[in-house]
Amino acid sequence: MASGGERKHEGTYDHSSDVEVFICHRCDSYQATKFDYLIKHLQDVHSSEPGFTVRCGIASCERTYTKINSFLCHIRRLHRNIDLETLERPTVRNEDDIGDNIEDDNEGQPVHNNEATYDTSDVNLQRRLGTVILKWRERYQLPKTCLNSLLEDVADIFSSQEKEQLKKVEQCLQANNINVDEIPALRELLNEFSCKSVFEPLKTEARQLSFFRKELNLVEPVELILGGREQSQDTFQYIPILDTIKSLLQHDDIFVQVMNTHNCGHGILSNFCDGENYKTNGLFSSDLRTLQICLYNDDFEVCNPIGAFTKKQKLNGMYFVLGNIEPRYRSKLHVIQLVWLCKTVYVKKYGFADVGEQLIRDLCVLEEEGISIWKNNCQYHFKGTVSMIVADNLGSHSIGGFPECFTANRICRFCMCTYVSLKESSLSRTVFSQRSEELYDSHVVLIKNDPSLSSVYGMKHNCPFNKLHFFHVTSGLPSDPMHDLLEGICPIVWSKVLSHFVHTNRMNVQSFNQRHLSFEYKGNDKNKKPSPLSWSSGSVTIRQTASQMTCFMRAALYMLGDIIPEGCMHWQLLLYLADLCALAFAPVHNVQSLSYLHGLVKDFLELYLEIFKAGIVPKMHYLTHYAEQIAHFGPLSGCSCMRFEAKHSYFKKLAKKTMNMKNLALTLAKRHQLLQCSYSTSSFFLEESNITSRGGTVLDTSSYQEEAKNVIKSGLNLRPQQEVFKVSSVTINGVTYQERAVLIPGCVDTFLQFGLVCGIFLKLGNAHFLVSQLETLYFSAHYHAYVVQAKSTTSYVMLQIHDLLDPLPLQYSHCKGGMCVARKHWLLSEFT
């Protein structure tokens with residue numbers, strides 16, 4: 001497997017070396033000199049894996065398929081003139097290109113197939129059938145009765161067909177004067193030829209679960225009793241976190257991620273490993289392989305919020321993800337692991353101390369003793385601890401022992417700020433005492449002796465996770481920019497400002513909604529198109545999801561920029577807010593960006609207080625801690641709840657489908673663990689499919705201008721008669737790129753440089769972009785966007801993803817200033 005958990009795109013025929021062999025790029029170890037052997041290997045070993053794809057690769061063909069039969073039909077349809085049998089016994093011309101398994105004296109000799117390197121016995125067939133059952137059951141959510149009936153029918157069909165085939169074999173042998181009974185070994189072989197041995201261990205649900213535990217390392221939930229009474233019916237589902245971690249580390253790609261450090265250094269903050277909390281933690285600093293456990297907690301409603309079961313089935317979910325994994329992989333939902341599911345009423349009744357008791361006990365074991373796993377006949381030992389606990393403000397205060405009412409005396413978990421001080425116009429210049437570990441612990445002692453001091457110090461009780469030796473709540477509850485900004489400050493400020501514009505006759509809601517409906521949302525923005533505005537009680541109402549809010553702000557600045565004059569204080573407030581969001585979600589920071597963020601927060605709060613004179617809300621105060629939070633935790637985009645909350649949708653859909661409310665937490669936890677077990681059967685846990693494309697045709701360069709044609713030939717290094725596919729869109733690591741999208745190839749003098757995608761090509765599983773370079777004129781502060789134009793002399797360049805300054809594609813819009821491009825977040829090059 002490639003280093004860093006990356007892998008080649010799935011392929012079948014290798015043209016990259018002088019040796020022409022069929023290679024499986026899913027396991028990187030299987031080579032075959034017969035095409036049929038490779039197909040059998042893919043069918044038996046990989047076809048049932050989650051996210052299975054296969055790339056053709058024959059004659060540089062870039063088509064990809066998710067089913068073996070579709071792939072074979074493609075070969076018969078488009079590659080019928082290629083005789084695959086002529087490649088059965090190629091000779092080795094350069095043994096270094098094949099690998100270490102070729103001996104020195106093999107030069108000029110046939111490459112031998114290793115088709116026998118995997119087991120084809122009944123056990124292997126059972127594993128394959130087991131993974132198929134798991135896929136039907138959990139990924140396609142086939143009902144149990146339907147699944148069992150299907151298995152019985154398939155077993156009966158195979159059994160009847162088996163008897164007919166055996167009868168024909170015996171008749172054929174007798175016709176050739178071979179008496180089966182005179183050859184005991186042959187008779188024994190025919191008697192053993194039975195599909196019953198494959199289907200029988202998987203015939204019932206109990207047998208399936210037993211098989212999943214034994215063969216697929218299923219980690220099952222454990223039901224724990226709350227309240228310390230055996231007869232208590234207050235229970236919740238806990239998934240042993242140590243067993244889950246051991247199972248994760250068995251995957252090669254996750255193991256490689258853990259073994260490699262992600263520290264950037266040189267004053268760059270791109271990950272938790274670059275922050276002060278990591279550097280000052282005794283466990284993390286002692287061993288770079290220490291496991292970073294990022295916990296997430298939230299309540300979610302699985303039933304109709306206005307239905308009969310509302311609040312009765314509200315659940316509290318605790319998830320975790322390994323912080324050692326690169327951020328681009330941590331956003332995948334199957335990488336986020338479940339820790340517990342508990343009714344919210346039980347959490348409120350017993351508290352996090354009781355519900356989290358077993359989790360904290362296991363985490364203490366991980367800190368002190370660690371866990372051991374075996375890989376490649378070597379034993380590896382790992383320790384770890386909690387790096388952070390991510391939650392919304394209510395959840396963070398509940399876990400940390402702070403007041404859950406944000407109109408109480410002390411409203412901040414980071415400092416000693418009071419609710420009364422939020423109304424002061426000098427708030428942005430006020431410095432409050434920070435909650436340090438020593439101060440927190442002293443307050444715990446004082447409140448324990450005198451509970452009436454709780455409101456004075458803004459604390460209710462000690463955080464149960466403080467029992468860990470290398471974690472403390474004062475440095476473990478980061479800010480969440482999604483809840484603070486996208487679902488808090490942004491709707492409030494935009495509502496106030498737009499209401500002001502309506503009252504001053506600069507706009508009206510109807511005309512804005514009309515412009516909104518006619519506005520062209522392109523690319524990835526199509527899936528998060530904002531909802532229209534509404535007018536209620538004399539003010540504008542904004543109801544958007546977090547992803548819709550980001551799209552709304554970029555589009556609204558375009559739509560209103562031409563009717564709002566420059567120098568408008570209300571408009572300047574929106575520009576400050578857009579800058580705050582761009583900085584809060586920036587993937588990389590340095591000293592200059594943190595200094596700019598600190599000053600920007602101060603300017604934003606002062607202008608807000610000057611305009612509205614009504615004080616600020618607690619979430620606005622939390623902005624004053626963002627620069628310090630980034631210095632300690634790394635970019636706050638890594639602390640966002642957005643992807644964790646997306647995990648809730650699985651449980652909500654499953655609850656609606658099962659319609660089983662008797663013990664909902666048990667049902668959901670079991671099904672989730674079976675789903676995770678299904679993902680664990682894949683050769684690559686982190687990546688289902690690295691690259692997918694749509695609308696592929698063979699490249700015809702005759703339709704391009706001469707300059708573009710030369711760039712295509714040189715950039716793709718085309719050989720005579722070599723085919724390259726041109727596609728309309730391509731998805732790489734979950735990001736979709738389309739023609740006419742805008743990319744950022746570089747930066748000159750802190751000004752970003754842009755290019756327009758004119759063509760997308762696939763060669764050997766890699767995406768190449770033909771980009772027409774644009775000229776950056778200036779940055780328009782009024783539209784919060786770069787103004788660009790096409791160069792007087794068209795200039796093309798061929799780029800790949802690793803050539804880009806930022807991998808996210810952008811969209812352009814036309815405004816009064818010209819052709820504008822708004823970046824989605826600040827880039828480090830703009831500060832250096």
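One-based numbering along the sequence shown.
The CE atom of Met659 sits 11.0 Å away from atom CG of Leu664, with the distance rounded to the nearest 0.5 Å. Atoms CG and CG, on Asp806 and Leu810 in that order, are 7.0 Å from each other to the nearest 0.5 Å. Atoms CG and OG, from Leu269 and Ser593 in turn, are 7.0 Å apart once rounded to the nearest 0.5 Å. Within the model, atoms CG of Asp274 and CZ of Phe633 stand 14.5 Å from one another, a figure rounded to the nearest 0.5 Å. For the atom pair Lys383 NZ and Asp287 CG, the distance stands at 9.5 Å (nearest 0.5 Å). Taking CG of Leu283 as the reference point, atom CG of Asn281 lies at 6.0 Å (rounded to 0.5 Å).
Heavy-atom neighbours of Lys529 NZ from other residues, nucleotides or ligands within 6.0 Å: above the threshold of 12.
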Run the side-chain hydrogen bond (donor to acceptor under 3.5 Å, both in side chains) check on Asp484 and Tyr626 step by step: do they pass?
CA-CA 11 Å; Asp484 288 348; Tyr626 268 34; 2.8 Å; yes

Thr736 and Thr731: side-chain hydrogen bond (donor to acceptor under 3.5 Å, both in side chains), yes or no, with the steps?
CA-CA 4 Å; Thr736 300; Thr731 301; 3.1 Å; yes

Give the C-alpha distance, both sets of side-chain angles, the deciding distance and a yes or no for side-chain contact (heavy atoms from CB on, under 4.5 Å) between Leu654 and Gln141.
CA-CA 9 Å; Leu654 186 59; Gln141 296 186 353; 3.8 Å; yes

Test Glu220 against Arg213 for salt bridge (charged side-chain N to carboxylate O under 4.0 Å, His left out), laying out the working first.
CA-CA 8 Å; Glu220 294 186 280; Arg213 294 188 202 103; 2.3 Å; yes

Step by step, would you call Gln313 with Glu301 a side-chain hydrogen bond (donor to acceptor under 3.5 Å, both in side chains)?
CA-CA 7 Å; Gln313 298 296 344; Glu301 181 67 71; over 6 Å; no

For Met318 and Leu295, what are the C-alpha separation, side-chain angles and deciding distance, and is it a side-chain contact (heavy atoms from CB on, under 4.5 Å)?
CA-CA 7 Å; Met318 180 72 83; Leu295 295 174; 4.0 Å; yes

Tell me, with the steps shown, if Lys670 and Gln237 meet side-chain contact (heavy atoms from CB on, under 4.5 Å).
CA-CA 9 Å; Lys670 279 187 173 181; Gln237 303 302 315; over 6 Å; no

side-chain contact (heavy atoms from CB on, under 4.5 Å) for Asn316 and Leu341? Distances and angles first, verdict last.
CA-CA 6 Å; Asn316 178 275; Leu341 282 179; over 6 Å; no

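Relative to the six-membered ring of Phe255, Lys375 meets both conditions, a distance below 6.0 Å and an angle of at most 45° to the axis. In this structure, Arg139 is not positioned above the aromatic face of Trp136 in the sense of NZ or CZ being under 6.0 Å from the six-membered ring centre and within 45° of the axis.
When atom types are taken as modelled, the side chain of Thr131 and the backbone of Arg127 share a donor-acceptor pair closer than 3.5 angstrom. Formation of a donor-acceptor pair under 3.5 Å by the Asp253 side chain with backbone atoms of Phe685 is found in this model. Between the side chain of Asn297 and the backbone N or O of Ala391 there is no donor-acceptor pair closer than 3.5 Å. Remark: side-chain polar atoms of Lys647 are paired, donor with acceptor, to backbone N or O of Leu333 under 3.5 angstrom. Side-chain N or O atoms of Gln337 include one that pairs as donor or acceptor with a backbone N or O of Val335 at under 3.5 Å. At distances below 3.5 Å, at least one donor-acceptor pair connects side-chain atoms of Asn260 with backbone N or O atoms of Val256. Without hydrogens or angle criteria, Ser475 side chain to Phe471 main chain gives no donor-acceptor distance under 3.5 Å. Checking side-chain atoms of Tyr737 against main-chain N and O of Pro807 turns up a donor-acceptor pair under 3.5 Å. Between the side chain of Ser637 and the backbone N or O of Pro587, no donor-acceptor pair lies under 3.5 Å. Between the Arg330 side chain and the Gly323 main chain, a donor and an acceptor come within less than 3.5 Å of each other.
Proximity of Gln676 to His672: side-chain heavy atoms (C-beta onward) are separated by under 4.5 Å at one or more points. The closest side-chain heavy-atom distance from Ile399 to Phe465 is below 4.5 Å. Using a 4.5 Å cut-off on side-chain heavy atoms (C-beta onward), Ile389 and Ser396 make no contact. Residues Tyr329 and Gln257 meet the side-chain proximity criterion, which asks for heavy atoms closer than 4.5 Å. Side-chain contact check for Phe284 versus Asn277: every heavy-atom pair is 4.5 Å or farther apart. Val757 is not listed as a side-chain neighbour of Arg740, based on a closest heavy-atom distance of 4.5 Å or more. In this structure, the side chains of Ile245 and Ile293 come closer than 4.5 Å at one or more pairs of heavy atoms. Looking at Met549 and Pro491, their side chains come closer than 4.5 Å, going by heavy atoms from C-beta outward.
Between Tyr278 and His632, the ring center distance fails the sub-6.0 Å criterion. When ring centroids are compared, Phe761 and His768 stay outside the 6.0 Å threshold.
Using a cutoff of 4.0 Å between basic side-chain nitrogens and carboxylate oxygens, Glu138 and Arg671 are scored as salt-bridged. Using a 4.0 Å cut-off between a side-chain N of Lys or Arg and a carboxylate O of Asp or Glu, Asp525 and Arg554 qualify as a salt bridge.
A side-chain donor-acceptor contact under 3.5 Å links Thr385 and Glu367. Between Glu645 and His483, the side chains place a donor N or O and an acceptor N or O closer than 3.5 Å (distance only, hydrogens not considered). Gln358 and Asp362 share a side-chain donor-acceptor pair at under 3.5 Å.
For the side chain to side chain contact (heavy atoms under 4.5 Å, CB included) with Cys639, the lone residue among Ser479, Pro478, Cys294 that qualifies is Pro478.
The salt bridge (Lys or Arg N to Asp or Glu O under 4.0 Å) check on Arg137 picks up Glu205, with sequence neighbours excluded. For His825, the ring-ring contact (aromatic ring centres under 6.0 Å, His included) test picks out no residue, with sequence neighbours left out. In this structure, the ring-ring contact (aromatic ring centres under 6.0 Å, His included) partners of Tyr319, at least two apart in sequence or on a different chain, are Tyr296, His648.
The minimum heavy-atom distance between Val727 and Glu739, with the atom names listed, is O-OE2, 4.0 Å.
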